[in-house]
Amino acid sequence: MSATTTRRGFMVGCSSAIAALAGSRFSYASFADPDGENRNILLYIFLRGGMDGLSLVPPIDGPDRGFYEQARPELKVATGGEEAALDLNGEFGLHRAAASLLPIFQEGKLAFVLASGLDFGTRSHFDAMQYIELGTPGKKTAARGWLARHLESSEELPDQILAPSIAMGSLVPRSLLGSIETMVLDGTHGFDLDAGDWRWQDARRVALRGLYESGNSRIHRSGVQALNAVDIIESYVREDYTPAEGVEYPRGSFGDQLEALAQIIKLEVGLRVATIDLGGWDTHAFQNNRVNGYFGRLVSELADGLSALYRDLEGSQSETHAQRLTVVVQSEFGRRLRENDNEGTDHGHGNVMMVLGGEVAGGIYGQWPGLHHDQLFDHADLAVTTDYRQVLSEIMIRRLGNPRLGRVFPGYQDYAPLGIVTGPDLTPDYS
């Protein structure tokens, strides 16, 4: 695995062994914050391309079921037979390809927020993703993403924290734009910071270590901290990792990234924020909503990965890992209610968000606007009734202990908790 570490503005591509730790075990207290600090973790998963929420969580009863079937004669998710949606609450169902998530929902650890998303009229992938990830709907001028502003404004992050944020993939997502303390991990198996002759690797490591240890400025201290973080992850994130009993991650980069993330969480190196992208959701043609169809396979990869991560942490030796983690899944927008002539769906508006974790109050959330022609956004799309920032703000306040909504989501002042997660209700700071 290759890695690029951004820490206090420096990009570090190699490191050296930490002599004090050679051959020894380490503990959370060695590198992170003291007891009593907020140690909760947010995993932010972005489904790029515009995931069809009306296929993931379709109406299965009531008048809207009729409107749904009329608009999607070929793509409707069935309510009977082998392909039938799994009943969530009698009114809405879950795509059968996401069956691995149903037990977690039934245990009260998975929530779906219906008709949620970006309440700003755009069907451009680029614009919608930019607005959401910057946290500034309608404005593209922000220099930092919303997660970067969280890391910057949170008083729950002590100065001496080894690895506060990690972007799984090859690039830093826009939500972490401007973050000076994000490690980027490209891939998961065979973690290796450098290729080439080992003697050259060691020479570079020694040189960098000597450079950063030669002074005591903030940059010098942060450089050493970054090198230490890379050393730990290189040493302990292994290809031969064994998850909790009975857990198997899906094959592919998404499953690999989740598996590596589980290892990092268990290392307890101070992780607070992680991001993962899962693409392929732009289903204009040949969407195929059957369990083994194109959309169904994407849903299975997503659901099986989330289930594996949760069960892995839940079944670990520490009882706190699953409790500390909150996973949010969202996409830039949903798809049109009506299927198109190419057996697909076009760019829409409202969608569904997912929230999973040990401190999640599972269930169905959000005000459902209806699918009648007069209830649709632009007479074509599911309307947005829950601003995505309301969901994220609740997690920021109740789980991450950061009430500075004015910094994280400038201009947003309508916060009211939906009750999706547990935690103290700090007074929102809109300044």
Residues Ile41 and Leu271: closest non-hydrogen pair is CG1-O, 3.2 Å
Ion pair present between Glu83 and Arg290, side-chain N to carboxylate O less than 4.0 angstrom?
yes
Any salt bridge linking Arg297 with Asp304? Criterion: basic side-chain nitrogen under 4.0 Å from a carboxylate oxygen.
no
Are the charged groups of Arg336 and Asp346 less than 4.0 angstrom apart, N to O?
no
Do other residues, nucleotides or ligands put more than 12 heavy atoms under 6.0 Å from the CD atom of Glu107?
yes
Side chains of Ser331 and Asn351: donor-acceptor distance under 3.5 Å anywhere?
no
Distance only, no hydrogens: is a donor on one side chain within 3.5 Å (strictly under) of an acceptor on the other, for Asp282 and His125?
yes
Below 30° counts as parallel, above 60° as perpendicular, anything between as tilted: where do the rings of Phe120 and Tyr131 land?
perpendicular
Please step through side-chain contact (heavy atoms from CB on, under 4.5 Å) for the pair Val408 and Arg144, ending with a clear verdict.
CA-CA 9 Å; Val408 179; Arg144 291 176 174 80; over 6 Å; no
For Asn292, is the CG atom crowded, meaning more than 12 foreign heavy atoms sit under 6.0 Å from it?
no
Using the benzene-type ring in the case of Trp, are the ring centres of Trp146 and Tyr412 under 6.0 Å apart?
no
Ser153: side-chain hydrogen bond (donor to acceptor under 3.5 Å, both in side chains) partners, not counting sequence neighbours:
Asn402
Criterion side chain to side chain contact (heavy atoms under 4.5 Å, CB included) against Arg404, the qualifying member of Arg149, Glu152, His150, Glu155:
Glu155
Parallel, tilted or perpendicular: which one describes the rings of Tyr388 and Phe409, with boundaries at 30° and 60°?
perpendicular
In terms of heavy-atom contacts, does CZ of Arg338 have more than 12 from other residues, nucleotides or ligands at under 6.0 Å?
no
Is the NZ or CZ atom of Arg123 positioned over Phe377's six-membered ring, under 6.0 angstrom from the centre and within 45° of the axis?
no
Applying ring pair (Phe, Tyr, Trp, His ring centres under 6.0 Å), can you list everything that pairs with Phe105, at least two apart in sequence or on another chain?
Phe112
Rounded to the nearest 0.5 Å, what separates atom CD1 in Ile45 from atom CG in Leu306?
4.5 Å
Roughly how far, to the nearest 0.5 Å, is OG of Ser55 from CZ of Phe295?
4.5 Å
Please evaluate residues Thr122 and Phe333 with respect to the criterion side-chain contact (heavy atoms from CB on, under 4.5 Å), reporting the C-alpha separation (whole Å), side-chain torsions for both, the decisive distance (0.1 Å), and the verdict.
CA-CA 9 Å; Thr122 179; Phe333 43 59; 5.6 Å; no
Check the surroundings of atom CG in Asp374: do more than 12 heavy atoms from other residues, nucleotides or ligands lie under 6.0 Å from it?
yes
